[in-house]
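All heavy atoms count here, side chains included; hydrogens, waters and symmetry mates do not. Protein chains get the first letters and strands the later ones, always in sequence-line order, with residue 1 at the start of each.
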There are 2 protein chains.
Amino acid sequence: MTVGTTGGRRERLRAETTAEIKRVALKLMASGGPDAITLRAIAREMGMTANAIYGYFATRDDLVTTLINEVYTALADTVDAAWAQAPAGRPAGRIQAWARAFRGWALANPEGFRLIYGDPVPGYQAPEGGAAPDAAYRVCTGIAALADAAWPHAGHLHAHGDFQWSDFDDGLLGKVRPAFPDLPPAGVALALRLWGHLHGLVSLEVYGHLRTQTVDPDKLFQEELTQLVRSLGLEPGD
Amino acid sequence: MTVGTTGGRRERLRAETTAEIKRVALKLMASGGPDAITLRAIAREMGMTANAIYGYFATRDDLVTTLINEVYTALADTVDAAWAQAPAGRPAGRIQAWARAFRGWALANPEGFRLIYGDPVPGYQAPEGGAAPDAAYRVCTGIAALADAAWPHAGHLHAHGDFQWSDFDDGLLGKVRPAFPDLPPAGVALALRLWGHLHGLVSLEVYGHLRTQTVDPDKLFQEELTQLVRSLGLEPGD
DNA sequence: TACAGAAACTTCACGCCGTATAGTCTCCTC
DNA sequence: GAGGAGACTATACGGCGTGAAGTTTCTGTA
């Protein structure tokens with residue numbers, strides 16, 4: 001018979017082991033990069049056999065998918081919190097807070113960033129259906145919120161490109177859209193371009209393609225953010 | 001004794017084999033992603049033993065480094081050509097041509113793009129000293145040229161951030177700088193931000209983080225480019 | 001309390017990988 | 001035609017993910 005009852009000793013142990021596997025995997029990734037996530041290394045660290053992990057995760061890719069979900073969630077939590085903490089009355093400040101939180105998280109968790117946005121793990125193939133859907137959804141909502149906050153000021157500067165709703169309906173933004181009824185198609189396009197700016201600089205920085213060219217990425221990002229906010233018709237804070 | 005004489009049969013065969021190894025490696029990468037670059041797979045394809053490749057490349061990483069150099073060079077050639085072909089008198093047109101060439105190449109060679117700008121191959125560690133120096137230098141020069149062409153129009157819009165030469169001297173841009181004597185530190189910062197914009201959107205697109213959000217990245221990139229050019233104080237062409 | 005069965009874990013095995021070492025064959029040069 | 005350099009193979013080692021089968025440990029029920 002299945003155990004069924006909640007709080008059973010077995011279930012507790014199982015949950016702890018599962019957590020330890022993930023913890024060790026993240027530790028290995030932090031110290032040795034995404035390549036270091038191997039079942040054998042994890043098992044070694046835990047004093048187990050590699051095959052024992054198959055009792056908790058069907059395949060290595062399954063484990064990686066889980067990790068991505070959790071890391072993605074941590075990112076979403078970070079940027080959401082930064083957004084929520086900034087006063088709602090000042091769109092520029094909120095956008096800057098969101099962007100800084102995003103960059104800060106990425107620099108503090110470069111392996112996590114790679115795991116989410118790069119070629120993560122040798123041979124890993126993201127599953128079709130529900131990979132990191134919730135966190136991706138939340139980050140996406142955050143981006144849309146940026147554009148929504150700026151749109152009243154930036155709209156007249158960016159109402160180009162002849163975008164249609166059909167350009168976005170299939171994607172994540174299509175699902176996020178109802179939450180921002182005042183955002184027209186051009187506003188959604190603006191959101192994506194904002195996302196491109198922020199992700200672009202941060203990605204260059206995390207992957208080290210900036211280090212070879214400038215000593216002070218901090219100042220550069222600050223300037224980018226200032227210009228970005230200005231281009232939205234807002235006055236940058238601090 | 002070493003052969004010494006040029007045009008020797010042995011040398012010719014050797015050069016051909018070297019070329020074939022690289023050709024097969026690129027083919028494997030194109031069909032199976034960067035993961036597919038394995039010495040054994042290459043050798044299998046060529047009817048050889050994996051160890052035979054060690055006669056041509058010291059290690060697998062050596063082979064990958066060579067591939068990166070060549071792919072990087074192809075990219076540099078592409079964007080350089082696009083830049084040179086566009087009339088020098090119209091900065092906006094040149095910038096758009098460069099950017100479109102960059103995106104076009106990236107979309108046509110997604111694995112190559114990953115090889116250069118992403119986490120390329122499982123376990124691969126780029127060598128310290130002279131990895132892809134020439135092509136990187138050329139792409140960097142291209143970026144600086146973009147900023148240089150736009151600076152007379154964009155300067156007054158972007159002369160912020162209090163940048164110093166010391167922010168760039170150590171990097172690639174420091175070495176490129178003499179070629180653009182009229183570009184001030186803020187102009188170099190602008191170049192890096194331009195690069196961030198272009199790289200950012202293209203990278204999102206290549207890695208598929210855009211596909212989940214919009215159906216028509218083409219239109220989006222077009223719009224981004226238009227706004228970018230406009231933000232430089234230029235009038236976008238076509 | 002004894003026992004059946006589920007769950008956790010190990011052992012063994014297979015085929016992949018990079019790579020080190022030693023040996024073989026072929027062709028060029030003197 | 002002999003010597004040697006260069007191209008390539010055979011074999012082996014350790015690491016990887018993963019499948020199948022076996023062993024131990026725990027747990028709910030009779």
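- Note: CZ (B:Arg12) to P (D:dG6) measures 17 Å, nearest angstrom.
- For residues 42-55 of chain A, proximity to DNA chain C is found at A:Met48, A:Thr49, A:Asn51, A:Ala52, defined as any non-hydrogen atom under 4.0 angstrom from a strand atom.
- Here C:dT19 presents its C1' atom at 14 Å from CG of B:Leu63, a figure rounded to the nearest Å.
- Distance B:Glu16 CD to D:dA7 P: 13 Å, rounded to the nearest Å.
- When each of B:Ile21, B:Thr49, B:Ile53 is checked for a side chain to side chain contact (heavy atoms under 4.5 Å, CB included) with B:Leu39, only B:Ile53 meets the rule.
- Every residue two or more places apart in sequence or in another chain was checked for a ring pair (Phe, Tyr, Trp, His ring centres under 6.0 Å) with A:Phe57, and none qualifies.
- Listed pair B:Arg40 / C:dC16 fails the phosphate criterion, with no side-chain N or O lying under 4.0 Å from OP1 or OP2.
- For the pair B:Arg60 and C:dC17, the criterion of a side-chain N or O lying under 4.0 Å from OP1 or OP2 is not met.
- When each of B:Ala41 and A:Arg14 is assigned the nucleotide of DNA chain C bearing its nearest heavy atom, the one mapping closer to the 5' terminus is A:Arg14.
- In this structure, A:Phe57 places its CZ atom 16 Å from C1' of C:dC9, rounding to the nearest Å.
- Open room surrounds CD on A:Gln85; 12 or fewer heavy atoms of other groups in view lie less than 6.0 Å from it.
- B:Leu39 has its CG atom 15 Å from the P atom of C:dC16, to the nearest Å.
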Extract all donor-acceptor atom pairs below 3.5 Å that involve side chains of residues 104-112 of chain A and protein atoms in other chains or at least two apart in sequence.
unit_1	atom_1	unit_2	atom_2	d
A:Asn109	ND2	A:Trp105	O	3.0

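- Regarding B:Leu13, its CG atom lies at a distance of 10 Å from the P atom of C:dC27, rounded to whole Å.
- Among the heavy atoms of the strands lying under 4.0 Å from A:Tyr56 are primed sugar atoms or P, OP1, OP2 only; no base atom is included.
- Annotation: B:Phe113 is in aromatic contact with B:His199 [ring centroid separation under 6.0 Å].
- In this structure, B:Ile21 atom CD1 and C:dG18 atom P are separated by 13 Å, rounded to whole Å.
- Salt-bridge annotation for A:Arg103 and A:Asp218: present, with a side-chain N of the basic residue lying under 4.0 Å from a carboxylate O of the acidic one.
- Partner B:Val188 forms a side chain to side chain contact (heavy atoms under 4.5 Å, CB included) with one of B:Phe163, B:Trp165, B:Phe180 and no other, that one being B:Trp165.
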